[in-house]
Amino acid sequence: MRPDRTDVLIVGAGPAGSSTAIHLARQGRRVVMVDRAAFPRDKACSEYTSPETLRHLDALGVLGAIDAAPAQVLAGTTVTGSLGHALTGHFARAGGTPFRATGLAIPRMLLDATLVDAARRAGVEVVEEATVTGVHRNGADAMRITLRPRHGTPPHFDARVVVAADGLRSVVARRAGLHRQGWLRRMAFVAHVRGVTGMGREAELHVGSHGYIGLNPLGNGVTNVALVVPEHVASSARGRPDDFFFEHLAQVPGIAGRVPRHAFTRDVMVTGPFDAMSRRSVADGIMLVGDAADFFDPFTGEGICSALAGGEMAAGVLDAALANDGPIDAHRLARYPALRRRAFLGKWIVERMIGYTMLAPPLFDRAVGRLQRRGMADMLIGVTGNFVSPWRILNPVAMAKMIV
Ligand SMILES: Cc1cc2nc3c(=O)[nH]c(=O)nc-3n(C[C@H](O)[C@H](O)[C@H](O)COP(=O)(O)OP(=O)(O)OC[C@H]3O[C@@H](n4cnc5c(N)ncnc54)[C@H](O)[C@@H]3O)c2cc1C
């Protein structure tokens with residue numbers, strides 16, 4: 001096989017790309033994974049992982065390394081509405097069959113680099129600092145990706161199939177006409193701050209009148225602070241993200257006065273707009289995983305889990321598709337969207353219910369109060385954490401308890 005030709009070419013070495021790559025390499029497939037960044041690289045993220053995410057990390061063989069590094073144990077989450085109602089849910093009391101009684105706050109610098117190292121050890125060829133600019137068919141049974149020229153990297157790679165794991169603004173999904181921008185259009189501002197007061201063993205989410213704020217304890221006195229606002233509100237941050245960040249923190253009652261101003265251990269990173277989804281998660285010679293396939297909102301904090309799980313599904317379907325010669329058309333990949341629907345549909349509905357209810361903060365506040373009073377907070381954290389079935393909430397009895 002030529003050095004610039006492989007079975008599977010994965011664009012993006014985040015959790016979705018690495019998960020797909022490791023599972024495929026274990027099945028003996030020849031995999032090249034390309035990323036525009038050099039690892040370790042950072043990513044705007046609240047860095048919250050539920051017990052179910054840890055189950056996937058264990059299956060990928062990296063949980064030992066994560067546990068040995070400085071990562072903060074999380075007991076669950078507290079959600080506070082705009083009028084002060086709050087709920088606290090703990091993983092250990094949520095029911096279902098959690099992998100562990102706790103989650104972890106894992107810095108993305110550590111998590112993503114650990115996964116990339118594991119991919120290399122599994123036999124994946126990882127090409128860093130190579131930006132993919134396009135994808136097209138090259139002959140009857142090959143796909144070609146083009147790269148921004150850089151010393152030592154070929155200008156293109158050919159593969160039987162291309163996996164788009166290049167995140168929220170996926171170039172591959174756009175070039176293939178699969179990308180669709182949702183209408184919610186939120187922006188996020190994320191920093192690491194030392195000395196945030198009042199942090200316990202839970203992550204915190206505070207909903208305000210213009211979006212929400214997440215606090216996630218990273219250990220050693222450092223907290224991940226994430227502000228999420230509609231894009232039209234974020235437009236006034238241009239050229240002054242730090243000032244904008246603190247002005248908005250000061251407006252939310254549960255946050256005001258808790259986040260010291262001159263104590264960044266990592267500057268504000270800005271990302272968005274989201275939500276974005278794909279029209280389809282497969283096309284001829286192309287498969288979408290992770291945020292490239294679907295990303296709604298970080299509130300429920302489980303994009304990493306979906307990315308890891310999606311990678312495992314993608315690898316299983318690809319392995320079967322690669323077993324026979326000939327072009328890998330969308331028909332051969334059709335089991336993948338079906339698997340995604342079965343695994344994610346209920347969670348997608350819950351995420352969207354939460355995301356849209358937040359557009360009416362008083363209504364959201366009332367629902368938070370009801371969930372706490374009716375003893376449903378732990379279950380909700382289990383559902384958003386992917387280890388309690390979403391259909392425990394998506395049924396008439398549970399819905400009535402939340403609304404009436
Ligand atoms: C503000 C915010 C907070 C979040 N908080 C959480 C949380 O607490 N917990 C959680 O589970 N999820 C959270 N998420 C979601 C989570 O970050 C994503 O779902 C997850 O990173 C998806 O992984 P991925 O591999 O699909 O994409 P990414 O992690 O974005 O990785 C994509 C990779 O593709 C590379 N790439 C992009 N374009 C190109 C190109 N043209 N050529 C080559 N390489 C390219 C990038 O460099 C990157 O390494 C949050 C998201 C946001 C925005």
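Indexing begins at 1, ligand by ligand and atom by atom, following the structure's order.
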Asp291 contact mode with ligand 1 (heavy-atom cut-off under 4.0 Å): both
Which atom pairs, donor and acceptor, lie under 3.5 Å between side-chain atoms of residues 350-358 and protein residues at least two apart or in another chain?
{"residue": "Arg352", "atom": "NH2", "partner": "Asp294", "partner atom": "OD1", "Å": "3.0"}
{"residue": "Thr357", "atom": "OG1", "partner": "Met353", "partner atom": "O", "Å": "2.5"}

Any nitrogen or oxygen of Gly303 lying under 3.5 Å from a nitrogen or oxygen in ligand 1? Just yes or no. yes
For Val289, is at least one N or O under 3.5 Å away from an N or O on ligand 1? no
Between Cys45 and ligand 1, is there a nitrogen or oxygen pair with a distance under 3.5 Å? no
Classify the contact between Glu302 and ligand 1 as side chain, backbone, both or neither, using a heavy-atom distance cut-off of under 4.0 Å. backbone
Is there at least one pair of N or O atoms, one from Pro15 and one from ligand 1, spaced under 3.5 Å apart? yes
Taking the six-membered ring for Trp, are Phe295 and Phe274 ring centroids under 6.0 Å apart? yes
Can you check whether Phe295 has an N/O within less than 3.5 Å of an N/O in ligand 1? no
When you compare ligand 1 with Thr131, is there at least one nitrogen or oxygen pair between them that comes in under 3.5 angstrom? no
Among Arg55, Glu302, Arg100, whose side-chain hydrogen bond (donor to acceptor under 3.5 Å, both in side chains) with Ser50 holds? Glu302
Indicate yes or no: does an N/O atom of Asp112 lie under 3.5 Å from an N/O atom of ligand 1? no
Within 4.0 Å of some non-hydrogen atom of Thr271, the atoms of ligand 1 are 53 (C)
